[in-house]
Every structure is written in C-alpha cells, then in structure tokens.
Amino acid sequence: MIGRVAGRIVYKADDHVLIDVRGVGYVVFCSDRVLAGLGVPGEAAALFTDLLVREDILQLFGFPTLVEKEWHRLLMSVQGVGAKASLAILGALGPDGVSRAIALGDWNAIKAAKGIGPKTAQRVVNELKDKAPTVMAMGAGPVQAPAGDAIPEDDGVIEAPARTAPAPAPAPATGGAAQSEALSALQNLGYAPGEAASAVAQAAGDAPEADTAGLIRAALKLLAPA
C-alpha cells in the first residue's frame with residue numbers, strides 16, 4: 001500500500017498531478033480543490049494517498065490531510081459512490097463541509113456536488129451519519145502532509161530536519177479542532193455521538209470562528225429541551 005508520496009511536481013493536469021519521488025513519477029488523482037492548492041511544476045508537494053486496486057487498473061488518489069483521506073474511504077463505502085464521485089463531493093464541500101452536511105442530515109449539500117443525484121446524496125447521509133463523529137474527532141489534530149519541508153538533495157527528496165523555534169503561546173482552538181473538542185466534551189456529558197455531532201455541526205455553521213467553549217455553549221443550547 002502506498003500511503004503517502006512526497007517529491008517535486010512535474011506537471012498538473014485537469015484531474016491529476018505527477019510527482020517525482022527520487023526519479024520515480026507517481027500519477028496521483030485529486031479533486032479540483034486539492035489540485036488548486038498545490039504548487040507549480042518544480043515545487044515540492046506531499047499528499048497522503050489511497051490506492052485503488054482493480055483487475056485492470058491501479059490508481060492513486062491524493063489528499064492533503066488524513067481526515068480528508070478517511071472521508072474518501074468512507075464515501076467510497078456507500079453504494080453508488082466511486083472514486084470520481086467521492087472526489088467530486090470532497091472537492092465541492094471539503095472535509096469539514098462533508099462532516100457538517102452528514103451530521104446535520106443535509107443531503108442537499110451533498111447533492112450540490114457534480115454528478116451526485118438526490119438518491120445517492122440521501123444514501124450518503126443515511127449510511128454515514130453514525131460514522132461522522134469518529135472522523136470529526138480526527139480533526140482535533142489533523143495531520144497535514146508537510147510539503148513545505150521537502151527539500152532537494154541530489155536526485156531525490158528528503159525530509160528536512162525539524163527546525164527549532166520558540167514555542168508560541170497557546171491559542172484557543174478554532175475550526176476543526178474546536179469542533180472535535182466540543183464533540184468529545186458533549187459525548188463525555190452523556191449525549192449520543194450522532195446527537196452531539198449534529199448540534200456541534202449546527203453551532204459551527206452559525207459561528208465558524210467560535211472556539212471550543214463557544215461551540216459547547218451553543219451546542220448545549222440546541223440540545224436543551226424546549
């Protein structure tokens with residue numbers, strides 16, 4: 001299994017990128033959003049990858065984070081969702097958008113992806129709603145493929161040694177990390193995973209910049225009985 005590639009971009013096409021790793025070129029298929037975030041030919045790039053194996057083909061699919069890779073694998077587990085459809089959904093919504101749509105049962109958001117019909121979108125939401133909390137929790141410490149630390153040496157690419165720098169003052173968690181921490185806190189309070197995920201996703205949608213404490217307060221208000 002090829003789980004990650006790091007090297008230099010040779011060229012980018014409409015649906016894939018060619019990355020040279022020590023003289024070996026890897027064709028990695030990516031969503032439009034991921035391709036747009038990669039550099040230009042000659043620059044370093046690193047992607048987590050998922051290898052699709054069929055009788056007549058081997059294809060690598062690339063993702064900037066492990067969270068997005070995990071969503072790809074889960075989306076492909078849904079009947080009628082292949083690799084192309086999964087990339088379309090992730091390209092349109094991003095991993096956070098997919099998490100929010102599934103947690104809230106918003107199949108219309110899934111349907112907005114190119115080539116995804118209403119029945120498929122509903123199937124995605126229904127089959128993955130109980131798995132969303134687990135993937136959302138991964139966002140507490142999302143692992144980013146460190147393209148910026150890939151440096152040339154001879155004919156290959158190596159990882160640069162860790163740079164020593166003063167530790168910055170801790171800042172309140174926001175975004176995906178705050179959602180994950182809030183989700184964990186609500187589950188510790190006894191709320192069911194699906195119930196907690198839905199409340200956190202709605203709270204995050206209402207206040208995208210909220211920190212963990214703010215999300216917990218907002219989610220608890222949503223969960224409180226009328």
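Both backbone and side-chain heavy atoms feed into the values below; hydrogens, waters and symmetry mates do not.
A donor-acceptor contact shorter than 3.5 Å is absent between the side chain of S198 and the backbone of G194. In this structure, the side chain of S77 engages the main chain of L74 through a donor-acceptor pair within 3.5 Å. Not a single donor-acceptor pair under 3.5 Å links the side chain of K69 to the backbone N or O of P64. Proximity of a side-chain donor or acceptor of T49 to a complementary backbone N or O of I2 within less than 3.5 Å is detected.
Within the 4.5 Å cutoff, no side-chain heavy atoms of F48 are placed close to those of H72. Using a 4.5 Å heavy-atom threshold, the side chains of L87 and V34 count as separate. A heavy-atom distance below 4.5 Å is found between the side chains of W71 and I102. Under the 4.5 Å side-chain criterion, counting only non-hydrogen atoms from C-beta, F61 is in contact with L52. Side-chain contact between L60 and Y26 is present, with heavy atoms from C-beta onward closer than 4.5 Å. Between L220 and Y191 there is a side-chain heavy-atom pair separated by less than 4.5 Å. For the pair V78/L128, a side-chain contact is recorded, criterion being any heavy-atom separation below 4.5 Å from C-beta on. Using a 4.5 Å cut-off on side-chain heavy atoms (C-beta onward), I9 and V40 make no contact.
Among all heavy-atom pairs drawn from A109 and A101, the shortest one is CB-CB, 3.9 Å. When all heavy atoms of A85 and V81 are compared, the closest pair comes out as CB-CG1, 4.0 Å. A46 and A6 make their closest contact through CB-CB, 3.8 Å (heavy atoms, listed as atom of the first residue, atom of the second, distance). Scanning all heavy atoms of the two residues, the minimum distance from A207 to L215 falls at O-CD2, 4.4 Å. Here the closest non-hydrogen pair linking V28 and G62 is CG1-N, 3.3 Å. The heavy-atom pair separating K12 from L35 by the smallest distance is NZ-O, 3.0 Å.
A distance of 9.0 Å separates CZ in F63 from CG in L47, rounded to the nearest 0.5 Å. Taking CD1 from I116 and CD1 from I110, the interatomic distance works out to 8.5 Å, rounded to the nearest 0.5 Å. A distance of 6.5 Å separates CG of D211 from CZ of R217, quoted to the nearest 0.5 Å. With rounding to the nearest 0.5 Å, the separation of CG in D50 from CZ in R73 is 5.0 Å. Taking CD1 of I89 as the reference point, atom CE of M76 lies at 11.5 Å (rounded to 0.5 Å). The structure places CG of D96 at 11.0 Å from CG of L90, a figure rounded to the nearest 0.5 Å.
Residue pairs satisfying the salt bridge (Lys or Arg N to Asp or Glu O under 4.0 Å) criterion with at least one member in residues 52-65, sequence neighbours excluded, are absent. Residue pairs meeting the salt bridge (Lys or Arg N to Asp or Glu O under 4.0 Å) criterion with at least one partner in residues 110-128, sequence neighbours excluded, do not occur; the list is empty. Under the salt bridge (Lys or Arg N to Asp or Glu O under 4.0 Å) criterion, the residue pairs touching residues 26-47 are R33-E68, with sequence neighbours excluded.
A continuous path of Ile, Leu, Val, Met, Phe, Trp and Tyr side chains, each step under 4.5 Å between heavy atoms, connects I19 with V24, placing both in one hydrophobic cluster.
R100 has no carboxylate O lying under 4.0 Å from a charged side-chain N of D106, or vice versa, which leaves the two without a salt bridge.
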